[in-house]
Structure formats: C-alpha cells, structure tokens
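So the structure is just underneath, and the comments pick up after that.
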Amino acid sequence: MTRTPQPVSPAAARVGAVSDAMIHASGLRKSFEAGGTTVEAVKGIDVEVRPGEAFGFLGPNGAGKSSTMRMIAAVSPVSAGTLRILGMDPAVDGPKIRARIGVCPQEDTLDTELNVRDNLYIYGRYFGLPRAEVRQRAEELLEFVQLTEKASAKVEDLSGGMKRRLTIARSLINKPDLLLLDEPTTGLDPQARHVVWDRLFRLKQQGVTLVLTTHYMDEAEQLCDRLVVMDKGLIVAEGSPASLITQYSTREVTELRFALGENEAIAAQVEDLAERVEVLPDRLLLYSADGEETIAKVHERGLRPVMSLVRRSTLEDVFLRLTGRTLVD
Amino acid sequence: MTSRLDLRRAARMTDYWAVVYRRTWKGTAISSFVVPLLYILAMGVLLGGFIKGDPSKLEGATSYLAFVAPGMVAAQSMTTVFGEVTYPVMGMIKWHRTYYGMIATPLGVPDVVFAHLAFVVFRVATVAAVFMAVMASFGVFGSVWGVLVAYLVQLLIGLAFAAPLYALTAAMKDESAFALVFRLGMIPMFLFSGAFFPVSNLSPPLEALAKITPLWHGVDLTRMLVLGHVDGSMVLIHVVYLSVLALGGWYGATRLLERRLIT
Ligand SMILES: Nc1ncnc2c1ncn2[C@@H]1O[C@H](COP(=O)(O)OP(=O)(O)O)[C@@H](O)[C@H]1O
Ligand SMILES: [Mg+2]
C-alpha cells in the first residue's frame, strides 16, 4: 500500500459559488510575434473551472493548449481578454498565484544534474517552505509516485515515465490548490501511462482541482469530468466526455476497410446506411446506433470489406465530426 | 508576469546554488586555484627573474613579480566570470531549461538573475581569496588595508564582467558566438590590458584602446591598492567605470532574460 500525502489545502476542498472559480477566462487570446508575422495561438476562449473538478483541454498539436496553460500558470502574459486564477489577475499577482498552483509543463524542466530527492527538496525551497518540512514532504511524495527506491538516482538515469512522475511529485511540493498538467503522458509507453493515470486519479479523489491537456482521447475520457475540445485556437465543443459523445456522435461506429483506392467509391454506396459516413485514408467510418445491423446491411448490398469491426463512439469521433480531422496523425 | 526584485525570494535559491557549488567546485579547482599559481611561478618568479625591477618602468613596483601579481589577480577574476556565466547561463536557458522551472514558482526573473550573479561573485570571492593568500606568501604586498580593499575590488570586477556578459548571453540565440566572445573579448584583454606589462609600452592608439577595456580599469585599480601608490582621482574613475558596467549590465541582464523567458 502506498501512503498518499494530503496535497489538498482547505481552499481546494471548499466548493463554492461561481465567483469561487479556480480559473475564469473570457475572450482569452494569445498571439506571438515571430519573425515579423503574428501567430494567433489562442483566439478568444471562455473557460470556467470549478473547485475539485478535473478539467481537460483536448486538441491536436498546435491547437493552442500549451499557450493557454502557460497563461493560466502565470508565466505567459495574456494578449487580450480576461483571466483570473484563484480570483487573482496573473498580470498583477503572478508570484501569489504561482505559490498556490502546481505545474507539470509539457517539456520537463527537471534538474538533470541533481538526484531525484534533491530535485524535490530544491523546488520546495523556492516556495519558501522550511527545510524540515520540505524534506519530509519530499519523502512522502517520492512514495506517492513510487520513486522511493530511486531517491538517490540521477535524473538522467530515469526512464521517461519516471521523469514524468517526478515532475508530478515536484508540482505537488507546495500542496497546490490547482494542478496544471500539460500532456502528462505524451511519449510514455502504455504501462507507464497507466501508472500516471492512477496517481492523477488518486489526486482527483482527494479533491485536487486538475486541469490537463491531452491529444489522447482515452486520457480525456479516463480523467476528465468536463472538457473542451480545442482546434486552431478556438473551443469547438464543451461538456462531459459522455455528453459530448451523445451530442456529436452516435452510440456505435462501424469501421470498414476495402481494397486500396476503393473507399471513396464505396462511401457513396453506403451513405444511406448510417447517420453519417467519414472517409479516412485507410478506412470508412459508419456512424449508427447499431453497428451489427449496419454491417448486415453492407453485406446485403454485396459489399465485401477486407476488415470490419464495430466499436463504441469515442472523443476521437467527436473531434472528427467537429473538425473533419483526426486527433493524432 | 514581470515582478520586482524581492531579496527574500532570491534568498530561497541559496540551497540550489550551494548544491551546484558542492557539485562543481572540485571540477574547477585546478583551473581556479592551481593554474594561477603556475602563472605566478612561470611569469612572476621565473620570467620575472630576467626583468630588471625598475619602479619607474613598472608603475611603481620594485620587482616584476610585484608588478604582475596584482594584474593576474584581476585577470583571474575576469576569467572566472567568463567560465561561470557564458555556458552555464545558456544551459539554464536552453539545454536544461532550469530557469523555466524556477520561474514557474513564486520566483521572478529579477530574483533569478540576482541569485545567479550573487553566485558568480561568490565564486570570484573564493578564487581571489586563495590567489591573494598565496601571493601574500611571496611577500609582494604593500599595506594590509590596500590588500583588503583590493580584495573587495575583485568582487566589483567580477560583477562588472558578469552582469554585461549575462545580458549578452540572455540575448544570444545559441552558444555558437561564445568562441568569438572568448577569442576576441577575454583573451585579448587578458594579454593586453596591462596585467602582464604596462600599457604605456603599447603604441598610443593601442594604449588608448587598452585603457577603455574594463580589465585595464580593474588591473590598474587592483595594482594601485596592492602596491600602495593610490591616486584618488584614478580610483574614482575606475570605481565609477566598473560600477556603471555592473549596474547597467545587471539591469540589461534582467530585462533581456525576461524577454527571453516570458513569451
Ligand atoms: N513562443 C512561441 N513563439 C511563437 N509561436 C508559438 C510559441 N508558442 C507557441 N507558438 C505557436 O502557437 C500555436 C499553438 O501552439 P501550442 O499552444 O503549443 O499548441 P498545443 O500545445 O496545442 O500543441 C502553434 O502554431 C505554435 O507554433
Ligand atoms: Mg502543447
């Protein structure tokens, strides 16, 4: 059994009115000047995250997720719009906000020359925590992310999954009210991802407000109570994973694969068999409530796909419906 | 995002820099502590044995050893800074992204810059202390007070190099120009700014050039104090010159690192 430290401060556990929102953004924009041209990374988004919630930004690379997260983390100035974190304005109270949040950035910023324990200890000191307290907390967190055996190892020698867990442990050193995780499991193998998910799930159960970005629909479905789908700097849909699927997709999806180059032509022949048909480079997706029934009808028409399967709709289908593109290419 | 310098916050980085020092001091001990001694022996004692100790030609020093020793202290303060600022600062910006981790906490860029510069000055302080202690054993010093003030001057020289060099590094895209900074900046100053010979030996235009380098101001100030031939107006000029570099560089370092990290 792993003992779990208590990362929650009373403020995080207190569920209150809308004015108590952990994050409030309206008309939030971010643009970068790069080589004479302006890149609009975030083009006016409205977001409200409530205490205790697990909130996600789901979107492909370049959607503007990291730009949004860095503004929320009070390390990147807002270009336009309003942003309040824990009721404070990051332009005015950056240090106060940063004192109460935990950040797991997309790119690790661990000190690769320090050992695992020192990474936590040194980071805790940046928050002004007393030495004895940081030492104790570092040990608790090492246990929480299952790195106790690696406490004296150099960061360079850790696997990708271990580094990510250490970054998560580091982001909890100040008992944050709000935890920001930018692509917490990107680049990890499936097993390592499940370990991270398990830890995040525990934090969620303890009432920590989680905000995460991901381009994995399964991650969003596993962890998020509520999410926004982001594309090209805009929010294109918002809701719980289940409600998004109900709203934008059918219950089931039938995937059909035909010989190379036939997909387009066959799509026209099966159009009326489903609510919607999507043509991907390598397969057709038929959206309907009952997939087996759809397959039967396809066979009735004398069509013989090389491969066919029926599955439940996912957020990937929602994204495809909303943007015409897949999340991970 | 930009915040003001807060010394209490900056002090929270003490443990970090202590760990860095514990990890690196051995690796730099030879270049910091042993090489200067070899210079003193080779240049001051052995080469200096061939040079006639004429105070009128050696800015008041009675031997070449007494002339070159304070020059080398100042030059060593400079080279220590070049090693501590260029690659380490670029590494914390670009390769290890350490600064990004720091400013994700309540620390701000001004706090981070202050703490790093303080560490560099601390490094200069340790190197200069060892160097000057050894030189004392060669019996080349004038008054005790002069030597103590000359020691504090090393900290000023350290900051006068560290702060502008930090600003330059924060503005550089990558490390490719460091080779130029060393070859066209540090090494010519080391050789020609009066550490090893009086700059009056240079042709007038080169002498004028040598006298606008920060190292000459540091060398001349250190030598006057160590030898005990103090010219008040020159001391003022040197101190003002080095202080302007230190303060201007410090301001520039903070603004440029802000521009680099806060996007
Ligand atoms: N510092 C920056 N300078 C210039 N452009 C940037 C910067 N950061 C992000 N961008 C651009 O903004 C857009 C959104 O990027 P990002 O927020 O990183 O998206 P995501 O995290 O969803 O992949 C991209 O086009 C990216 O190239
Ligand atoms: Mg990103």
Side-chain angles (χ1 to χ4, degrees), chain A residues 30-34 39 41 67 69-71 73-79 90-115 118-119 121-131 134-135 154-156 167 170-171 173-174 176 180 182, chain B residues 1-28 84 87-116 119 173 254-255 257-263:
Chain A
K30 181 75 202 184
S31 47
F32 296 101
E33 305 293 331
V39 181
S67 303
M69 288 294 257
R70 293 179 58 249
M71 288 190 280
V75 293
S76 170
V78 167
S79 300
V92 180
D93 288 317
K96 270 193 210 155
I97 293 170
R98 296 196 298 271
R100 288 178 51 195
I101 63 176
V103 180
C104 184
Q106 184 171 347
E107 270 183 77
D108 280 327
T109 59
L110 295 168
D111 197 317
T112 49
E113 287 165 341
L114 300 185
N115 70 29
D118 280 350
N119 260 280
Y121 172 74
I122 292 293
Y123 215 69
R125 295 289 293 146
Y126 294 161
F127 288 88
L129 304 172
R131 289 192 171 92
V134 185
R135 280 209 189 88
K154 274 208 167 190
V155 168
E156 308 183 286
T167 299
R170 194 182 72 167
S171 70
I173 197 84
N174 59 328
L180 307 177
D182 196 354
Chain B
M1 294 326 94
T2 52
S3 51
R4 283 160 183 274
L5 173 64
D6 180 325
L7 289 177
R8 292 223 311 271
R9 282 200 308 249
R12 296 175 186 174
M13 279 169 274
T14 312
D15 283 3
Y16 170 73
W17 285 110
V19 171
V20 170
Y21 187 68
R22 272 203 298 276
R23 195 180 65 220
T24 54
W25 79 269
K26 280 184 205 138
T28 57
E84 287 294 331
Y87 289 94
V89 169
M90 188 58 86
M92 292 179 76
I93 292 173
K94 206 177 152 93
W95 305 316
H96 308 300
R97 302 172 57 81
T98 326
Y99 286 148
Y100 290 95
M102 289 174 167
I103 64 165
T105 72
L107 303 176
V109 171
D111 311 326
V112 166
V113 171
F114 178 87
H116 199 150
F119 175 72
K173 210 166 127 280
T254 305
R255 292 287 92 82
L257 193 66
E258 261 165 4
R259 195 192 289 177
R260 182 74 177 254
L261 299 184
I262 299 178
T263 55

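Any value given below was found using the heavy atoms of this structure, including those in side chains, with hydrogens, waters and symmetry copies removed. Remember, predicted model here, so these are calculated numbers, not experimental data.
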### Message
Quick one, B:Asp15 with A:Arg131, criterion side-chain contact (heavy atoms from CB on, under 4.5 Å). Give me CA distance, side-chain angles, the key distance, then yes/no.
### Response
CA-CA 10 Å; B:Asp15 283 3; A:Arg131 289 192 171 92; 2.8 Å; yes
### Message
Apply side-chain contact (heavy atoms from CB on, under 4.5 Å) to residues B:Val19 and A:Ile122 and explain how you reach the verdict.
### Response
CA-CA 9 Å; B:Val19 171; A:Ile122 292 293; 3.9 Å; yes
### Message
Walk me through whether A:Thr109 and B:Thr98 qualify under side-chain contact (heavy atoms from CB on, under 4.5 Å).
### Response
CA-CA 6 Å; A:Thr109 59; B:Thr98 326; over 6 Å; no
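The line from OH of B:Tyr16 to CG of A:Asn119 is 9.5 Å long, rounded to the nearest 0.5 Å. For the atom pair A:Ile173 CD1 and B:Thr105 OG1, the distance stands at 12.0 Å (nearest 0.5 Å).
Contact check for A:Arg98 versus B:Leu107: no side-chain heavy atoms found under the 4.5 Å cut-off.
Proximity to chain A among residues 6-13 of chain B is limited to B:Arg9, B:Arg12, B:Met13, judged by heavy-atom separations below 4.5 angstrom.
In this structure, the portion of A:Phe32 lying under 4.5 Å from any heavy atom of chain B is its side chain and not its backbone. In this structure, the portion of B:Ser3 lying under 4.5 Å from any heavy atom of chain A is its side chain and not its backbone. Using a 4.5 Å cut-off between heavy atoms, B:Met92 does not touch chain A at all. Contacts of A:Ile97 with chain B are absent, with no heavy-atom separation under 4.5 Å from either backbone or side chain. Only the backbone of A:Asp108 comes within contact range of chain B, with at least one heavy atom under 4.5 Å from a heavy atom of that chain. In this structure, chain B has no heavy atom under 4.5 Å from any part of A:Glu33. A:Lys96 does not touch chain B: none of its heavy atoms, backbone or side chain, sits under 4.5 Å away. In this structure, chain B has heavy atoms under 4.5 Å from both the backbone and the side chain of A:Ser76.
For A:Asp111, there are no salt bridge (charged side-chain N to carboxylate O under 4.0 Å, His left out) partners at least two apart in sequence or on another chain.
Here the closest heavy-atom approach between residue A:Leu114 and residue B:Arg23 is recorded as CD2-NH1, 3.2 Å.
Looking at A:Tyr123, its side chain does come within 3.5 Å of a backbone N or O of B:Gly101 through a donor-acceptor pair.
With respect to chain B, the highest number of heavy-atom pairs below 4.5 Å among A:Gly128, A:Ser67, A:Pro105, A:Ala73 belongs to A:Gly128. Each of A:Arg170, A:Arg125, A:Arg70 has some count of heavy-atom pairs under 4.5 Å with chain B, and the biggest count is that of A:Arg125. Contact count versus chain B (heavy atoms, under 4.5 Å) is highest, among A:Ala99, A:Pro77, A:Gly94, for A:Pro77.
Open room surrounds CH2 on B:Trp25; 12 or fewer heavy atoms of other groups in view lie less than 6.0 Å from it.
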